[in-house]
Structure formats: structure tokens, C-alpha cells
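Order of the sequence lines fixes the chain letters, A, B, ..., with proteins taken first and strands second; residue numbering starts at 1 for each chain. A quick note: this is a predicted structure, and the numbers were derived from the prediction, not measured.
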Protein chains: 2
Amino acid sequence: MKLGPLNHVGVATPSIPESIAFYRDVMGATEIHEPFDMPAQGVKVCFVDTPAQDGGQGTQIELIEPLGEDSPIHGFLKANPKGGQHHMCYEVPDIHVAKAEFEAMGKKVLGEPRIGAHGTLIFFVHPKDMGGVLTEIMETPKDG
Amino acid sequence: MKLGPLNHVGVATPSIPESIAFYRDVMGATEIHEPFDMPAQGVKVCFVDTPAQDGGQGTQIELIEPLGEDSPIHGFLKANPKGGQHHMCYEVPDIHVAKAEFEAMGKKVLGEPRIGAHGTLIFFVHPKDMGGVLTEIMETPKDG
């Protein structure tokens with residue numbers, strides 16, 4: 001595969017409202033999207049935009065807060081109560097091609113492709129095979 | 001302050017050569033810079049470019065490997081032997097203005113500004129004040 005854009009860095013937080021205040025008031029973010037729930041994945045999500053070098057769309061921060069008792073984020077926050085960097089998400093042109101490529105390389109793909117926070121198909125690859133980084137692979141939205 | 005570009009995500013690794021092979025052969029990176037030592041900070045460094053959405057310069061991956069016995073990365077790798085996400089680095093136009101702003105907000109700035117991996121002044125802010133994310137603040141290089 002060919003390395004695509006780093007769509008976002010997932011940052012776990014115990015409180016999206018508090019993190020929104022942090023990115024707005026401390027870091028000076030101006031483009032903060034509306035939070036929304038992703039019940040199937042057990043997370044509440046909020047995207048914060050960063051500018052690219054040329055002023056266009058840069059890598060986003062994806063704030064993720066636990067949603068429900070079974071959220072996979074509870075374990076992370078137990079180990080990191082203030083939150084912290086959780087995963088990195090790269091774009092690919094075709095999710096099924098990417099999945100086949102990762103599997104052919106012996107990488108542990110976690111489950112079948114499913115709809116992610118940007119409305120396109122995504123999957124995760126286990127950090128043990130990815131230099132310790134939980135890695136999300138996401139199909140680039142067709143509208144850009 | 002106003003949120004600047006996410007210059008890079010720092011990723012700790014026990015071996016830059018192995019990580020270079022990973023980003024090249026598994027992730028398909030084509031722009032991998034020459035590694036170099038930063039003895040004053042106790043790290044060996046290697047930048048991997050990712051493309052921005054519009055094809056320009058995106059957020060970089062900064063691979064960091066311990067250099068010397070006193071490297072601050074040894075502790076991270078003891079807790080995360082395969083490596084993992086270590087810090088996030090945002091650009092600012094003026095490092096001294098940024099330091100004064102963070103301090104005025106009660107954030108724990110770690111030491112005085114010093115020359116970072118891109119040749120401009122940087123400082124780190126303690127993760128306890130930054131939503132659990134060790135945050136590097138870097139003055140934008142004057143050549144872009």
C-alpha cells in the first residue's frame with residue numbers, strides 16, 4: 001500500500017466538554033465539530049480541526065469519550081485517567097484492498113470493516129503488529 | 001493562542017531501522033528522512049512524511065529512539081516495549097510568546113526553549129495539564 005493522509009489522531013478523554021474547552025481556550029482551536037454518539041463502537045466522538053501547512057485541512061484530533069458500560073475506552077482511561085493519545089488513523093482509497101494487504105502481511109486486523117466516525121468503512125489493526133500504535137485504517141470519503 | 005499545524009506525532013521505538021522498514025514496507029511511506037542524533041535531548045530522530053489531504057506536506061511521524069543511558073525514552077519503552085505514541089507537536093509563530101501564554105494559563109512548561117529536531121526553538125508542556133498528552137510546542141521554521 002501507499003501511505004495516505006493521517007486523517008486523525010484519536011485522543012481519549014474522560015469528558016468531551018472539558019476537552020472542547022481545552023482545545024478552544026488553551027490551544028486556540030477554532031474549528032470544533034459537533035460531538036455525536038457512536039453506540040455500536042461504544043464511544044462519543046468530537047472532531048477538532050488543525051490547519052495544514054498551507055492552511056488547508058490538516059490532521060484532525062478525534063476526541064473519544066466512553067459511551068456505555070462496555071466501552072473499550074474505559075480500560076484506557078483506567079490506565080490514563082486524564083486521557084491521552086489512543087490511536088492514529090490513516091486513509092486508504094479502498095478498505096477491502098487494504099484489509100487484504102494487511103492480512104497478507106500477517107497483521108492482526110480487528111474485525112470486519114464497519115462504518116466509522118466519518119461515515120466510511122474503517123478497521124483497526126492490533127498495536128502489537130504496528131510498532132505499539134493502535135492503527136485505524138479508513139476509506140477516504142468520496143467527497144474529499 | 002491560535003491553533004497551528006500539527007507538525008508531527010512523536011512515536012517512540014526501540015529501533016529506528018526497524019521502524020523505517022515498517023513505515024516503508026507495511027505502511028507504504030515514500031518520504032523517509034535521514035535519521036540523526038540529538039545528544040542534548042538523548043534521542044535519535046527520524047522523520048517520516050505523510051501527505052496532506054491536498055497532496056502537500058502533512059503531519060510528520062517523528063520516530064524517536066533512546067540515545068545514551070539517560071535518555072528520557074527508556075522509561076517509555078520499559079512501559080511500552082514495542083514503542084507507541086509519545087507526544088504531539090504543534091507549531092506556533094513565536095516560541096517566547098507561546099511560553100508566556102502557557103505559563104499565564106498555569107500550564108507546566110518543561111524547561112527553557114531549546115533547539116528541536118527541525119532546528120527551531122521548542123519546549124514541552126507536561127501531560128498532566130494537557131489532557132494526558134505530552135505536548136511539544138515548536139516555532140515554525142522561517143523557510144516554511
Is [X] close to chain B through its backbone or its side chain, or both, or neither, when contacts mean heavy atoms under 4.5 Å?
{"X": "Asn80(A)", "result": "neither"}
{"X": "Met105(A)", "result": "side chain"}
{"X": "Lys107(A)", "result": "side chain"}

Inset, instruction - Test Lys108(A) against Glu103(A) for salt bridge (Lys or Arg N to Asp or Glu O under 4.0 Å), laying out the working first. - result: CA-CA 7 Å; Lys108(A) 187 176 174 65; Glu103(A) 288 176 337; over 6 Å; no
Max heavy-atom pair count under 4.5 Å with chain B, selected residue of [options]:
{"options": "Lys2(A), Met1(A), Met27(A)", "value": "Met27(A)"}
{"options": "Met130(A), Glu31(A), Gln57(A)", "value": "Met130(A)"}
{"options": "Pro14(A), Ala12(A), Gly4(A)", "value": "Gly4(A)"}

Legend entry - Linked, directly or transitively: Ile122(B) and Val26(A) (ILVMFWY side chains, under 4.5 Å):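 Different clusters: Ile122(B) never reaches Val26(A) through Ile, Leu, Val, Met, Phe, Trp or Tyr contacts under 4.5 Å.
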Inset, instruction - Give the member of Asp49(B), Leu6(B), Val92(B) that has the highest number of heavy-atom pairs under 4.5 Å with chain A. - result: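 Counting heavy-atom pairs under 4.5 Å, the top option is Leu6(B).
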Legend entry - Pairs of heavy atoms under 4.5 Å with chain A: top-ranked of Gly132(B), Gly84(B), Pro5(B):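 Max contact count across the listed options: Pro5(B).
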Inset, instruction - Measure up the Phe47(A) and His118(A) rings against each other and bin them: parallel (under 30°), tilted (30 to 60°), perpendicular (over 60°). - result: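 Phe47(A) vs His118(A) ring planes: parallel.
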Inset, instruction - Report the relative orientation of the aromatic rings in Phe123(A) and Phe102(A); use parallel for angles under 30°, tilted for 30 to 60°, perpendicular for over 60°. - result: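 Judged by the thresholds at 30° and 60°, the geometry between Phe123(A) and Phe102(A) is perpendicular.
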Inset, instruction - Taking the side chain as every heavy atom from C-beta outward, state whether Leu134(A) and His86(A) have any atom pair closer than 4.5 Å. - result: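 Of all side-chain heavy-atom pairs linking His86(A) with Leu134(A), at least one is under 4.5 Å.
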Legend entry - Between His87(B) and Glu62(B): side-chain donor-acceptor atoms closer than 3.5 Å: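 Yes, a side-chain donor-acceptor pair sits under 3.5 Å.
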